[in-house]
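Have a look at the structure below, then the notes.
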Amino acid sequence: QQPVQSPQAVILREGEDAVINCSSSKALYSVHWYRQKHGEAPVFLMILLKGGEQKGHEKISASFNEKKQQSSLYLTASQLSYSGTYFCGTENTGKLIFGQGTTLQVKP
Amino acid sequence: EAQVTQNPRYLITVTGKKLTVTCSQNMNHEYMSWYRQDPGLGLRQIYYSMNVEVTDKGDVPEGYKVSRKEKRNFPLILESPSPNQTSLYFCASSFGLAGIQETQYFGPGTRLLVL
């Protein structure tokens with residue numbers, strides 16, 4: 001079952017914050033976050049493991065609520081380089097299933 | 001340099017003509033997988049492999065075959081391609097610990113057009 005991401009698209013000004021949500025109907029062992037720029041391969045941002053802590057990557061951080069089977073990605077003081085499509089991936093027994101993606105556009 | 005390579009990067013073919021897309025990684029990763037990416041659908045897993053000679057179906061395996069005879073290689077085979085397999089394909093690899101995956105490293109992608 002593909003996780004559901006919201007919103008589908010976000011447009012920001014440089015310096016603004018954004019939150020991308022990812023929810024699953026199944027119990028999760030881990031949640032992965034990746035960013036993909038146009039015409040390129042997805043690039044790893046972070047993994048959150050069941051029972052683990054909130055993890056950060058520069059000004060990008062994420063949380064994982066195991067009970068609600070949800071994860072959120074927080075982008076603080078966004079930069080132009082944050083533009084791209086963000087995917088969450090939920091892992092359960094070896095399969096990694098990605099959401100449909102959230103397109104983020106940061107404008108000057 | 002640690003990397004995942006795919007060949008070819010671009011391919012135009014005709015319906016029914018068998019093709020193979022190769023994937024190779026030089027990081028000694030146990031876990032390898034294939035995804036297809038279509039607009040609005042995100043990345044969908046086709047097949048994955050936990051280790052040599054161990055493969056399993058992902059979410060969209062129909063029309064595809066894989067093999068894992070060596071740890072570094074994980075080719076994707078389309079025995080009889082059809083136009084609905086026109087897509088962008090990514091190979092990925094990672095270390096795998098008891099089914100919980102580490103960072104996945106993606107190849108550059110293969111853009112396939114089936115006429």
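Every heavy atom of this structure was used, including side-chain atoms; hydrogens, water molecules and symmetry mates were not. Remember, it's a predicted structure, so these values are computed and weren't measured experimentally.
Residues B:G107 and A:A41 come closest through the heavy atom pair O-CB, 3.1 Å. Shortest non-hydrogen contact noted between B:Q37 and A:F87 is NE2-CZ, 3.4 Å. B:Q45 and A:L96 make their closest contact through OE1-N, 3.6 Å (heavy atoms, listed as atom of the first residue, atom of the second, distance).
Here the straight-line distance linking atom CD of A:Q100 with atom CG of B:D38 works out to 13.5 Å at 0.5 Å rounding.
Side-chain contact check for B:L43 versus A:P42: some heavy-atom pair is nearer than 4.5 Å.
For A:Q36, the part lying near chain B is the side chain, with the backbone staying farther off; criterion is any non-hydrogen pair under 4.5 Å. Only the backbone of A:E40 comes within contact range of chain B, judged by heavy atoms closer than 4.5 Å. For B:L41, the part lying under 4.5 angstrom from a heavy atom of chain A is the backbone only.
Judged purely by atom type and a 3.5 angstrom limit, B:Y35 has no side-chain atom pairing as donor or acceptor with the backbone of A:F98.
Annotation: A:K37, atom NZ; neighbour count of heavy atoms from other residues, nucleotides and ligands within 6.0 Å is above 12. More than 12 heavy atoms of other shown residues, nucleotides or ligands fall within 6.0 angstrom of atom CZ in B:R44. Crowding of B:I12 atom CD1: a count of heavy atoms from other residues, nucleotides or ligands under 6.0 Å not exceeding 12.
Follow the hydrophobic side-chain contacts under 4.5 Å out from A:L104 and you reach A:M46 in the same cluster. The hydrophobic cluster containing B:W34 does not contain B:L88, counting ILVMFWY residues as joined when their side-chain heavy atoms lie under 4.5 angstrom apart, directly or transitively. Clustering ILVMFWY residues whenever any of their side-chain heavy atoms sit less than 4.5 angstrom apart, transitively, puts B:M32 in the very cluster that holds B:V21.
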